[in-house]
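Let me begin by presenting the structure, written as structure tokens, before commenting on it.
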Amino acid sequence: MPEIRNMTMNFGPQHPAAHGVLRLILEMDGEVIQRVDPHIGLLHRGTEKLAESKPFNQSIGYMDRLDYVSMMCNEHAYVMAIEKLLGITAPLRAQYIRVMYAEITRILNHLMWLGAHGLDIGAMTIFLYCFREREDLMDCYEAVSGTRMHATYFRPGGVYRDLPETMATYKPSKWHSEDEVKRLNSNREGSLLDFIESFTERFPGCIDEYETLLTDNRIWKQRTVGIGVVSKDRALQLGFTGPMLRGSGVEWDLRKKQPYEVYHEMDFDIPVGTHGDCYDRYLVRVEEMRQSNRIIKQCVDWLKKNPGPVILDDHKLNPPTREEMKDDMESLIHHFKLFTEGYCVPEGEVYVPVEHPKGEFGIYLISDGANKPYRVKIRAPGFAHLASMHEMVKGHMLADVVAVIGTQDIVFGEIDR
Amino acid sequence: MTDTTSLTKKLTEYFNDTISGYHVDREQITLVASPPNLLKICQALRDEEDFLFSQLMDLCGVDYSAYGQVDWATRKTTATGYSRGRNQSQTEMDADKRFAVVYHLLSIKHNHRLRVRCYLSDENPLIPSVTEIWSSANWYEREAFDMFGILFEGHPDLRRLLTDYGFIGHPFRKDFPLEGKVEVRYDPEQKRVVYQPVTITNRVLVPRVIRDDNRYIEDEELPDA
């Protein structure tokens with residue numbers, strides 16, 4: 001009898017279904033996976049080391065670039081860690097704004113995930129649908145920070161600026177006629193909050209559209225039901241968090257269990273799966289979008305009624321306004337000191353987790369009292385998820401590897417850091 | 001989250017003299033363990049009814065060799081404003097405590113968090129692996145090995161994780177330069193990518209300075225002007 005050996009195959013690092021730069025060494029017996037060895041680090045930029053060489057505020061921008069599809073949630077953990085070391089809390093309005101944007105980010109992330117996951121396992125249309133709504137949320141990012149992705153909007157002590165009273169509008173061009181532009185601008189007449197409100201009214205209908213395409217779709221179910229099953233105990237052992245943990249039936253959400261900011265004021269539910277397969281995790285994430293939509297609506301209502309400061313009035317931490325700076329010597333000095341040296345953070349260490357769209361995103365910050373952090377450790381949810389790759393795909397077919405990569409919601413910015 | 005005092009009490013009662021110490025800072029508990037006791041402590045933390053820390057959330061290395069060191073030192077000026085930078089020689093490195101491995105645990109059942117820290121010496125950074133207790137430790141330990149050169153005894157597959165194939169050194173150690181040691185470029189003669197020593201130098205734009213911000217100091221602690 002001839003000797004039969006397993007075949008070793010290379011997957012990636014450049015592969016459209018690898019969600020970035022993932023390289024997998026697959027050991028296969030025919031079509032069946034025997035062993036998987038993920039090689040990561042191709043996007044390793046040493047964010048943690050870079051952060052040690054810069055004043056605290058200058059690393060907020062790096063946080064956006066970790067998980068680059070849920071930017072503000074990364075900032076949120078970092079900013080809260082600094083606040084905890086400094087012993088300050090942001091004004092209430094700033095907390096509501098942060099929660100609203102954290103939830104907008106959650107929808108952004110889940111839309112990106114749904115589109116890409118669908119595309120990976122053969123659903124084309126869903127990608128276009130998801131990006132249609134993502135566009136509006138990107139506009140919300142742009143309205144407050146000027147950028148569509150890397151916002152750097154959250155700051156220790158609040159947020160950079162208050163919500164704007166106007167939205168940017170479309171202008172007629174040779175591609176868009178007057179009538180068309182009028183239709184596009186119809187929900188952009190009022191303030192940013194009006195725009196977000198109109199979005200929250202429309203969005204549940206959009207989710208229904210996605211569900212019509214997928215939830216009962218025979219092909220979708222064939223590709224996801226019973227794939228990558230993780231039991232409750234294993235999910236805990238493997239350090240799963242977020243939708244991956246909830247998909248396996250553990251009711252755990254930091255927004256409910258260890259509420260931060262104003263989440264204790266919010267009315268929302270935690271969806272939980274039962275089987276722990278890809279399909280359950282899909283259902284959990286879709287339901288999370290509906291819940292996020294509810295939270296956003298509650299924040300909009302509160303924010304409309306309660307104007308107020310959005311950042312602490314402490315010029316040892318936040319720069320004074322341009323007007324103050326122009327005719328007040330003290331303000332000028334504060335401005336100069338902040339932008340040359342930054343602020344010193346009292347000695348100590350904290351670990352601050354947030355419920356990131358992908359799971360628990362934590363910042364472990366050690367300060368020795370200097371104007372730069374001594375050590376920043378970023379606890380990325382995707383890192384623990386990807387580490388379980390071998391366990392999740394062993395015994396599955398090659399095509400299921402792609403489904404599992406999709407369901408883990410892999411983004412290399414945060415895994416490689 | 002449940003309060004820290006009851007957990008602290010349970011921890012001190014249960015572990016008594018197996019732990020080397022503990023402290024509570026900003027409502028977060030840190031246990032200090034020594035490497036020989038680590039596995040026993042971790043096993044108890046996972047399985048004992050009072051703790052049930054079922055998840056290892058994070059594991060990371062820390063290099064304490066530059067702790068408290070500054071680029072720029074002067075003295076303080078006024079009692080209300082910023083003080084001047086602190087003197088450099090405030091903290092000397094303790095060679096037995098150069099490295100630390102920090103574990104962050106989460107108990108889903110009791111809704112507690114706990115930090116466990118283990119100090120390691122400079123010349124022998126060796127610690128038992130906790131992969132048998134929490135599977136998620138596998139990659140975290142590989143990362144700590146890669147970045148700090150901390151060795152985990154009993155780890156099933158202690159390879160580098162994040163750095164390049166054939167990388168030399170441990171980049172997150174404080175004595176590893178920020179700009180690295182080698183860079184790559186395309187060599188048109190050899191028609192391939194080659195490694196060469198770095199050609200850039202690091203410019204420090206903002207010096208590292210420690211100011212004992214007087215707002216955070218109790219009145220009696222204020223040093224004389």
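Source: prediction; values computed, not measured. So that the names make sense, note that chain A is the first sequence line, chain B the second, and so on, each numbered from 1.
Under a 3.5 Å cut-off, the side chain of B/Q55 and the backbone N or O of A/F240 do form a donor-acceptor pair. At least one donor-acceptor pair closer than 3.5 Å links the side chain of A/R375 to the backbone N or O of B/G61. With A/Q237 contributing its side chain and B/I133 its backbone, the two residues share a donor-acceptor pair below 3.5 Å. Listed for the A/Y374 side chain is a donor-acceptor partner under 3.5 Å among the backbone atoms of B/A66. A side-chain donor-acceptor contact under 3.5 Å links A/N371 to the backbone of B/P207. Between the side chain of A/K377 and the main chain of B/D58, no donor-acceptor pair closer than 3.5 Å is present. For B/R208 (side chain) and A/A370 (main-chain N/O), no donor-acceptor pair under 3.5 Å exists by modelled atom type.
With rounding to the nearest 0.5 angstrom, the OH atom of A/Y351 is 5.5 Å from the CZ atom of B/R113. From B/W139, atom CH2 reaches atom CD1 of A/I415 across 7.5 Å, with rounding to the nearest 0.5 Å. Taking CG of B/D164 as the reference point, atom CG of A/L42 lies at 8.0 Å (rounded to 0.5 Å).
Counting heavy atoms from C-beta on, the side chains of A/H44 and B/D146 never come closer than 4.5 Å.
Side-chain atoms of B/S135 and A/R234 include a donor-acceptor pair closer than 3.5 Å.
B/E132 CD: 12 or fewer foreign heavy atoms inside a 6.0 Å radius. Other residues, nucleotides and ligands contribute only 12 or fewer heavy atoms inside 6.0 Å of the CD atom of A/E330.
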Using side-chain contact (heavy atoms from CB on, under 4.5 Å), reason through B/H104 and A/R379 one step at a time and then give a plain yes or no.
CA-CA 10 Å; B/H104 283 100; A/R379 194 268 171 203; over 6 Å; no
Pair B/Y64, A/I366 - check side-chain contact (heavy atoms from CB on, under 4.5 Å), show working.
CA-CA 10 Å; B/Y64 279 102; A/I366 305 179; 3.7 Å; yes
For B/L162 and A/D416, run side-chain contact (heavy atoms from CB on, under 4.5 Å): C-alpha distance rounded to whole Å, both residues' side-chain angles, the deciding distance at 0.1 Å, then the answer.
CA-CA 7 Å; B/L162 290 172; A/D416 289 347; 3.8 Å; yes
Determine whether A/E360 and B/L106 satisfy the following criterion, side-chain contact (heavy atoms from CB on, under 4.5 Å), listing intermediate values before the conclusion.
CA-CA 11 Å; A/E360 174 174 321; B/L106 172 70; 4.2 Å; yes
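For A/E349, the parts lying under 4.5 angstrom from a heavy atom of chain B are both the backbone and the side chain. Proximity to chain B is limited to the side chain of A/L254, based on heavy atoms less than 4.5 angstrom apart. When heavy atoms are compared at a cutoff of 4.5 Å, B/R160 does not approach chain A at all. In this structure, the portions of A/F383 lying under 4.5 Å from any heavy atom of chain B include both its backbone and its side chain. Using a 4.5 Å cut-off between heavy atoms, A/I378 makes no contact with chain B at all. If you measure heavy-atom distances from B/R117 to chain A, the contacts under 4.5 Å come from the side chain alone. Looking at B/Q28, only its side chain comes within 4.5 Å of chain A, counting heavy atoms on both sides. Contacts between A/P353 and chain B at a heavy-atom distance below 4.5 Å involve the side chain alone, from C-beta outward.
Of all the heavy atoms in A/D368 and B/I210, the pair that sits closest is O-CD1, 3.5 Å. Nearest approach of A/S367 to B/Y67, heavy atoms of both residues: O-OH, 3.5 Å. Of all heavy-atom pairs between B/F172 and A/E48, the closest is CE2-OE1, 3.0 Å. Between A/Q258 and B/N111, the shortest heavy-atom distance links the atoms NE2-OD1, 2.7 Å. Taking all atoms of both residues into account, the shortest heavy-atom contact from B/L178 to A/S53 is CD2-OG, 3.5 Å.
Remark: A/K49 is not positioned above the aromatic ring of B/F176, lacking an NZ or CZ atom under 6.0 angstrom from the ring centre and at most 45 degrees off the axis.
Looking only at heavy-atom pairs under 4.5 Å with chain B, the residue among A/Q58, A/R417, A/K54, A/E251 that has the most is A/R417. The candidate with the highest count of non-hydrogen atom pairs below 4.5 Å against chain A, out of B/L161, B/T163, B/N138, is B/L161. With chain B as the partner, the residue from A/A384, A/S388, A/A380, A/G239 showing the most heavy-atom pairs under 4.5 Å is A/G239.
Using a 4.0 Å cut-off between charged nitrogen and carboxylate oxygen, B/R26 and A/E83 do not count as a salt-bridge pair.
Relative ring orientation between B/Y165 and A/H39 is described as tilted, the plane-to-plane angle lying within the 30° to 60° band.
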